[in-house]
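Naming convention: chains lettered A, B, ... in sequence-line order (proteins, then strands); numbering from 1 in each chain. Model, not experiment: these values are computed from the prediction.
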There are 2 protein chains.
Amino acid sequence: MFRLIATCQLLVANCQCPMVKTSVITIRDVAKEAGFSSTTVSIVLNNAPLARYIPAATKKRIEKAAKKLGYRPNLFARSLRSKRSHTVGVMVFDMTDPYCTLVLRGIENSLYQSSYLPILTDVHNERSRFERYLEMLLDRRVEALIVLANWLFVEVDVLADLERSSIPTIMIGRELQTDTVSSVVVDNEVGAYAAVEHLYLLGHRKIAFIRGPKTLADSAPRWRGIRSFAKSSGLELDPRLVLDLPESRDPISSFEAGYKLTEEWIKRKDRFYNPSLTAVRQPMDAMETMAVNIATEGINSVIEKRDLSAVHRKMVPEMVARESTRAFL
Amino acid sequence: MFRLIATCQLLVANCQCPMVKTSVITIRDVAKEAGFSSTTVSIVLNNAPLARYIPAATKKRIEKAAKKLGYRPNLFARSLRSKRSHTVGVMVFDMTDPYCTLVLRGIENSLYQSSYLPILTDVHNERSRFERYLEMLLDRRVEALIVLANWLFVEVDVLADLERSSIPTIMIGRELQTDTVSSVVVDNEVGAYAAVEHLYLLGHRKIAFIRGPKTLADSAPRWRGIRSFAKSSGLELDPRLVLDLPESRDPISSFEAGYKLTEEWIKRKDRFYNPSLTAVRQPMDAMETMAVNIATEGINSVIEKRDLSAVHRKMVPEMVARESTRAFL
DNA sequence: TCCCGAAGTTCGATTTAAATG
DNA sequence: GCATTTAAATCGAACTTCGGG
């Protein structure tokens with residue numbers, strides 16, 4: 001038997017086949033090399049509580065042996081015992097949504113800090129795909145689930161499915177009132193309010209608006225913010241200056257429609273126009289960091305068997321004044 | 001002892017704590033419910049070769065029991081034995097690269113077809129981050145690695161690290177000559193050739209060019225394609241009509257610089273200009289599908305212990321004529 | 001009781017070898 | 001040998017328990 005194994009190793013050492021090094025080295029190999037039991041090796045390498053009692057000399061020998069053999073613990077085995085995957089699921093409803101990339105990078109970055117790895121899934125706004133992915137992620141025991149609601153309508157039953165998922169779940173971009181799913185959203189009302197205020201303070205009184213489609217969850221609170229400012233400041237909202245975007249649910253076409261609308265408007269005035277844009281900036285970094293924080297917090301709750309309840313954060317957007325808005329002189 | 005467990009279950013059933021259902025149901029529970037051994041259950045549910053000998057009645061009973069209990073196999077345990085993770089690593093060097101989203105979606109979609117899940121990592125163009133992520137992905141036994149080279153320079157030693165990674169590795173967007181790492185690139189020379197040809201056939205003879213920075217791997221072959229067409233057609237390349245972008249490595253700023261350059265050019269001619277753009281379209285879908293195919297192919301090679309060698313594909317881009325180019329009348 | 005280390009059990013599924021009729 | 005089923009070994013790490021100094 002020993003002979004056979006020895007032959008295998010030789011064969012392996014000689015062949016170009018890449019599957020060679022796939023960690024044939026187990027904790028027992030390290031134990032043998034160091035001259036201790038695998039128990040001791042495990043305790044030392046994980047710096048478990050019991051490691052307190054183990055003399056430095058023993059630790060040194062074990063660490064040296066581990067390094068020499070290039071030991072890498074088998075995460076399957078580890079996960080099987082610990083029931084932890086060190087993985088979170090990230091669910092996007094439509095990756096082509098321009099909003100997505102930024103959020104994804106933010107999530108990735110936050111997770112990196114805490115040594116989690118994200119499994120990325122794109123639901124393509126399809127119910128069946130959502131179900132399948134949710135199942136797959138739960139099967140893999142992701143420790144938390146971050147859901148990125150896009151501009152579009154998210155069906156209610158999707159939320160219902162998420163609610164019974166039994167792991168910390170965070171939804172970014174959609175306001176929720178449930179107490180089983182956390183949420184992180186931008187405060188559209190405050191943002192819109194600030195935007196109009198900005199213009200108002202620059203001296204503008206005749207302000208035109210392009211309203212987003214009603215099916216978009218973001219549209220309503222923004223309009224609310226605008227009216228709220230108008231009321232408190234006495235600004236008059238001229239109905240002739242309010243245009244509505246078509247009810248399309250495609251973010252790209254919404255962008256284009258908005259662009260075209262603006263263009264026509266400007267063309268009518270026969271003016272060339274390409275300044276940098278004043279905008280209400282969504283606090284991306286802060287939002288994703290928040291999402292991941294909630295995720296890890298939730299994970300910890302589960303580990304420590306504490307009860308966890310959902311968290312809902314509304315982040316305040318920032319007004320960034322640029323060239324496209326200017327005071328009346 | 002039994003009592004204690006019974007109490008626990010009760011407690012769990014009563015509490016709101018979400019960690020309840022985390023698959024307490026094992027294959028043994030199903031076995032007990034069905035009245036067979038766990039061996040038989042495993043054979044039936046996996047439709048293993050031995051399932052041939054198992055009578056339909058037995059199968060029915062087992063499947064019913066599994067469904068009744070809502071049995072979901074523990075993937076950690078399964079992976080521990082099978083040594084398979086059904087996961088591939090996706091490594092991006094800079095997610096904010098506009099090119100990225102499209103490719104990512106393509107990869108995700110292809111993987112979905114084959115029931116793999118992607119672990120997404122963004123290296124941020126940092127060497128240390130690259131190393132750490134590579135290690136993490138290998139520790140998780142990703143079955144393949146898809147690397148998305150961005151516009152930027154990829155250090156050579158990164159490639160060296162990838163070469164010894166011992167799993168099927170595919171690089172998208174960078175031409176390679178190694179035979180341990182596969183690659184999928186767009187043929188920039190052919191693309192550029194086709195673009196100039198398009199203009200030429202429309203009757204244009206005075207054509208201006210904006211050249212990308214030399215540090216960009218894409219720039220050289222494109223210019224080569226242009227000169228190649230010029231030579232074969234007799235088209236004269238006027239040096240005064242060739243502008244170079246600054247050597248910046250930031251894709252965003254490159255875009256902006258290109259935009260500004262074009263704008264100035266057009267402004268000089270005092271003309272307002274906003275047609276849809278004729279372009280050389282990179283065959284995104286095809287490329288990512290190709291990448292994932294190579295990945296799964298590589299995985300299969302490893303499973304079947306076949307030797308695998310790298311594959312290098314160069315995809316032909318497509319000329320898409322739109323409004324911005326027009327024939328001389 | 002404190003310190004050090006090891007033997008043996010556990011996690012949950014797959015697989016080999018073997019036992020029935 | 002064939003059809004049907006299963007006990008026991010295995011994967012690799014972590015933890016519980018125990019023994020000797």
Discussion item. Between A:Ile27 and B:Arg52, which residue's closest nucleotide on DNA chain D lies nearer the 5′ terminus?
Written reply: B:Arg52
Worksheet item: D:dA14 C1' sits how many Å from A:Arg84 CZ, rounded?
Response: 14 Å
Worksheet item: Is any N or O donor-acceptor pair between the side chain of A:Arg81 and the base of C:dT10 shorter than 3.5 Å?
Response: yes
Worksheet item: When you measure from the centre of the six-membered ring of B:Tyr112, is the NZ or CZ of A:Arg132 under 6.0 Å away and within 45° of the axis?
Response: yes
Discussion item. Is there a side-chain contact between A:Ser42 and the phosphate of D:dA13, meaning an N or O under 4.0 Å from OP1 or OP2?
Written reply: no
Practice prompt. Specify the separation, in whole Å, of atom NE2 of B:His86 and atom C1' of C:dA13.
Written response: 13 Å
Worksheet item: To the nearest angstrom, how far is A:Ile43 atom CD1 from C:dA7 atom C1'?
Response: 12 Å
Fill in: For atom CG of B:Leu45 and atom P of C:dT14, their distance in whole Å
8 Å
Item to complete: Would you kindly give the NZ-to-P distance between A:Lys59 and C:dC3, to the nearest whole Å?
Response: 13 Å
Worksheet item: Counting side-chain heavy atoms from C-beta on, which of D:dT4, C:dA13, C:dA6 comes nearest to A:Thr39?
Response: C:dA6
Fill in: Donor on one side chain, acceptor on other, B:Tyr133 and B:Glu126, under 3.5 Å
no
Practice prompt. Considering just the side-chain nitrogens and oxygens of B:Asn46, establish if one lies under 4.0 Å of OP1 or OP2 belonging to C:dT14.
Written response: yes
Practice prompt. Counting heavy atoms from C-beta on, name the nucleotide in C:dT14, C:dG5, D:dT5 closest to the side chain of A:Thr58.
Written response: C:dG5
Worksheet entry | Member of B:Leu145, B:Leu159, B:Thr178 meeting the side chain to side chain contact (heavy atoms under 4.5 Å, CB included) criterion with B:Met171 | B:Leu159
Discussion item. By the 4.0 Å heavy-atom rule, please label A:Phe76 as base, sugar-phosphate, or nothing.
Written reply: nothing
Worksheet, complete the sentence: Taken to the nearest whole Å, CZ/A:Phe36 to P/C:dG5 is 5 Å
Worksheet item: Got more than 12 heavy atoms from elsewhere within 6.0 Å of NZ, A:Lys59?
Response: yes
Worksheet, complete the sentence: Ranking B:Leu50 and B:Leu75 by the position along DNA chain C of their nearest nucleotide, the one closer to 5' is B:Leu75
Worksheet item: Base, sugar-phosphate, or nothing for B:Arg28, non-hydrogen atoms under 4.0 angstrom?
Response: base
Discussion item. Check the phosphate of D:dT6 against B:Ser37, side-chain N and O only, distance under 4.0 Å to OP1 or OP2. Yes or no?
Written reply: yes
Item to complete: Determine the contact category for A:Leu80: base if any of its heavy atoms lies under 4.0 Å from a base atom, sugar-phosphate if only primed atoms, P, OP1 or OP2 are that close, otherwise nothing.
Response: base
Worksheet item: Counting any heavy atom closer than 4.0 Å, what does A:Ser82 reach on the DNA or RNA strands: base, sugar-phosphate only, or nothing?
Response: nothing
Fill in: Phosphate contact (D:dA14 OP1 or OP2) by A:Lys83 side-chain N/O below 4.0 Å
no
Worksheet item: Whole-Å distance between D:dT10 P and A:Asn74 CG?
Response: 17 Å
Item to complete: Measure from NZ on A:Lys32 to P on C:dA6 and round the result to the nearest Å.
Response: 14 Å
Item to complete: Could you tell me how the ring of B:Phe130 sits relative to the ring of B:Phe93: parallel (under 30°), tilted (30 to 60°) or perpendicular (over 60°)?
Response: parallel
Worksheet item: Toward the 5' end of DNA chain D, which comes first, B:Ala77 or B:Ser38, by nearest nucleotide?
Response: B:Ser38
Practice prompt. State whether a side-chain donor-acceptor pair under 3.5 Å links B:Thr40 with B:Ser37.
Written response: yes
Discussion item. Counting only side-chain nitrogens and oxygens, does B:Tyr71 get under 4.0 Å of the OP1 or OP2 atom of C:dG12?
Written reply: no
